[in-house]
Amino acid sequence: MTKQFKRYLVTSALPYANGPVHIGHLAGVYIPSDIYTRYLRLKGCDVISVCGSDEHGVPITMKARKEGVSPQEIVDRYHNIIRKAFRDLGMSFDIYSRTSSATHAATASEFFRKLYNEGKFIEQTTMQYYDEEAQTFLADRYIVGTCPHCQNEKAYGDQCEQCGSTLSPEELINPHSAVSGAVPVKRETTHWYLPLDQYEGFLRKWILEGHKEWKSNVYGQCKSWLDLGLQPRAVSRDLDWGIPVPVEGAEGKVLYVWFDAPIGYISATKDLTPDWERYWKDKDTKMVHFIGKDNIVFHCIVFPAMLEAHGGYILPENVPANEFLNLEGEKISTSRNWAVWLHEYLEEFPGKEDVLRYVLCANAPETKDNDFTWKDFQARNNNELVAVLGNFVNRALMLTQKYYEGVVPPRGEMIEYDRQTVADLAAVKGSLEANIENYHFREALKDAMTVARIGNKYLADTEPWKVIKSDPERVKTILNIALQITANVTIAIEPFMPFSAEKILRMLDIQPLGWERLGATDLLDAGHRIGTPSLLFEKIEDDVIQAQLDKLAATKAANAAEETVQSIDPQKDSISFDDFQKMDVRVSTILAAEKVVKTKKLLKLTVDTGIDTREIVSGIAEHFTPEELVGQQVLVLVNLEPREMKGILSRGMILMGEDASGKLVLLKPDSRVNSGAVVG
RNA sequence: CGCGGAGUAGAGCAGUGGUAGCUCAUUGGGCUCAUUACCCAAGCGUCGCGGGUUCGAAUCCCGCCUCCGCAACCA
């Protein structure tokens, strides 16, 4: 726990190169990681920070196929966007690599080979679905068909999103490939598996006993996985995009992306320095993985098991995973374009890199999901950055210009209040350090801002603009101290807001100061001439915020329009009159309705069909409350084959209209008729 | 009953057994060097709900509700 490490290795989750990076990625992973790294560097620690694009896997091949380009084109495009955006935001990775690099192919292959040669894998042959037209094996998710439970025609091979039931591809009616539309066939395939179950004891001891200090969300997730029991996990896939399995007779197979991606951290380090082994294999190195909560199992269970199986590698000392960030109350979604994209922000808010860094850190989802709103962004900029930080720096520098033509005045005898202020200033360092080292970046940022708050209070209390008239000598001391506080600001905020720290340094016309000098009052020499003051931050007006809100509203409208287009299904094949006659639809009256327990969408309805009184289970609980349904007349297909759902036999189907947004409406007679009236 | 996390002032969040706190917003006062910013003070809470343990519970235990994530390749 109190072990002293000689060096640090910081990793940040590899962004998946099928889209750009958005504020959720930043708040969850990259901002914390950069703060941590910059802090350690400022302290003079031996630290390297590695990252890179994760460029393999099925979604990238799907996207390429859809656009009619090669996977390489897709990953090149996003790799470049992401890399540039990171750099422009001031992410201080020592290297930003990529998993399509030659180094990575070699590293991952070697890693696999060693485990293979030492018999660490098990080999299994199974039957998998294959798309003969596209000549590719299909993951369950890429098989689409009709749900046997609710007749939804767009159910996936693993789940029906309409009724929520878990499916296997075998259960789908009329299954077809989401790639080509072909009917999938079963084909035999052999894969290698990492028997995670064999590492359970090792992981249990390492995490559950050795790392009780991990964040509760991380520890809890690990414990649950371990208690449930681990299963062997396939490390190869049938795919033509990825790192070929480096074994005889494994043509057409690549390393499964989860296996190759974390090795990307190692390859990136290799690309950075020939001395990479010191960072990965020396027990005196502290490795920290910054990730989002969805990645916990890979970084705490799977990758450590891989490293243990390989041998010789150190394990992460901590994995400070964050929760998720929402945008204006809704989940961020790449596919629905519901996001603030980093590269767009950088273009639309030039020079405001630190504002985003500040807001995302101050509101980082450290313990639970948080919400990013543009109003909050504006308020934090105007009320905190402009009012507290920018204003203090501006006050101190303007007073110095005004009274001393920009020359730092000498400090005379300090009074008790000065000494108290200096003591308060010195006290910030310990708290700030503890918070960063414990991954409490929000609190740490508050500590950094406290330095500016101390400065504002000091000026307000000592009132140099008044004292100048009665005791000019005293004002020299006051401003000297105010300027020392200003210099301290540059140290305290550097990990969080490097651009602003740099800007203040230029205004003071001094060189960067090391972390250890935080709290000192000899950062500026009397007689030193400071540079020209300029505003650190500017107010963000309502129209700028409104423009962003409009942009999001436009996204929403575009999504709705697209859904409308997609949801108007083409006319189905003709049926005979006889076929139509087979359907028995009756006007029925709902007598009772109740939610089916432990389901999200199901209602159990008791209806009077005129023929009898029967129970029907319907997936409409998200659209109607039981109360509003009772007494309503609806159309019911009464001779539909009965089906059991959640242990209740459902005899018939309530007919519904579904509009573009997926909203359901009842179809009912325009005046009341007797139950049992025939529809036709 | 699949597993994990979260629910605290108008908003965003700290707080793991001992007088409920921080930032912002609100209200009042002070200041007028400063980007109308700053400083001081006040108001604002059945700590999700219901039980229990305890001298004492936001905190520990039991049950329930709601939101999010994982399982199911978006951080």
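Excluded from the calculations below are hydrogen atoms, water molecules and symmetry mates; all remaining heavy atoms, backbone and side chain alike, are included. Lettering of chains follows the sequences in order, A, B, ..., and the numbering in each one begins at 1.
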Q) Which is it for Val302(A) and Met306(A) under the side-chain contact (heavy atoms from CB on, under 4.5 Å) test, yes or no, and what are the steps along the way? A) CA-CA 6 Å; Val302(A) 178; Met306(A) 285 165 61; 4.2 Å; yes

Q | Derivation of the side-chain contact (heavy atoms from CB on, under 4.5 Å) call for Lys556(A) and Glu330(A) | A | CA-CA 11 Å; Lys556(A) 239 182 198 173; Glu330(A) 288 179 35; 2.8 Å; yes

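Side-chain to base pairing of Tyr16(A) with rC73(B): no donor and acceptor N or O lie closer than 3.5 Å to each other.
Note on Arg453(A): only backbone sugar-phosphate atoms sit closer than 4.0 angstrom, heavy atoms only; bases stay farther off. Backbone-only engagement by Asn295(A) is indicated by non-hydrogen atom pairs under 4.0 Å involving sugar-phosphate atoms exclusively.
Of the candidate nucleotides rC68(B), rU35(B), rC73(B), rC68(B) has the atom nearest to the side chain of Asp369(A). Nearest nucleotide to the Val386(A) side chain, out of rA71(B), rA6(B), rU35(B): rU35(B). For Ala387(A), whose side chain is taken as the heavy atoms from C-beta onward, the closest listed nucleotide among rC31(B), rC73(B), rA37(B) is rA37(B). Listed candidates were rC38(B), rG69(B), rC33(B). Nearest to the side chain of Lys331(A) is rG69(B).
Results of the side chain to side chain contact (heavy atoms under 4.5 Å, CB included) test with Leu230(A) over Leu194(A), Ile301(A), Val297(A) single out Ile301(A) as the only residue that passes.
Remark: the separation of the C1' atoms in rA41(B) and rC33(B) is 23 Å, to the nearest Å. When the C1' atom is used for both rU53(B) and rG12(B), the distance is 34 Å, rounded to whole Å. Spacing of P atoms, rC22(B) relative to rA9(B), comes out at 14 Å, to the nearest Å.
In this structure, CZ of Phe324(A) is placed 12 Å from C1' of rG5(B), rounded to the nearest angstrom. The CD1 atom of Ile296(A) sits 11 Å away from the P atom of rA71(B) (whole-angstrom rounding). Remark: C1' of rC39(B) and CZ of Phe392(A) are 14 Å apart, rounded to the nearest angstrom. Distance CG (Leu385(A)) to C1' (rU23(B)): 13 Å, rounded to an integer number of Å. Taking atom CD of Gln231(A) as the reference point, atom C1' of rG2(B) lies 14 Å away to the nearest angstrom. When rounded to the nearest whole Å, the span between CG of Asp260(A) and P of rC73(B) equals 16 Å. Here rA37(B) presents its P atom at 7 Å from CG of Asn383(A), a figure rounded to the nearest Å. Residue Leu483(A) contributes atom CG, which lies 13 Å from atom C1' of rC33(B) at whole-angstrom precision.
With the 3.5 Å cutoff on both pairing distances, Watson-Crick and G-U pairs in RNA chain B assemble into runs of at least 3 at B:2-7 with B:65-70, B:10-13 with B:21-24, B:26-30 with B:38-42, B:48-52 with B:60-64.
When each of Lys293(A) and Gly57(A) is assigned the nucleotide of RNA chain B bearing its nearest heavy atom, the one mapping closer to the 5' terminus is Lys293(A). Toward the 5' end of RNA chain B, the nearer of the two residues Lys402(A) and His22(A), judged by each one's closest nucleotide, is Lys402(A).
A distance of 9.5 Å separates CD1 in Ile81(A) from CD in Glu344(A), rounded to the nearest 0.5 Å.
Judged purely by atom type and a 3.5 angstrom limit, Asn381(A) has no side-chain atom pairing as donor or acceptor with the backbone of Val355(A).
Heavy atoms only, all atoms of each residue included: Ala339(A) and Leu552(A) are closest at O-CD2, 4.3 Å.
Both the sub-6.0 Å distance and the 45° axial angle are not jointly satisfied by Arg83(A) relative to the ring of Tyr96(A). Both the sub-6.0 Å distance and the 45° axial angle are not jointly satisfied by Lys476(A) relative to the ring of Tyr404(A).
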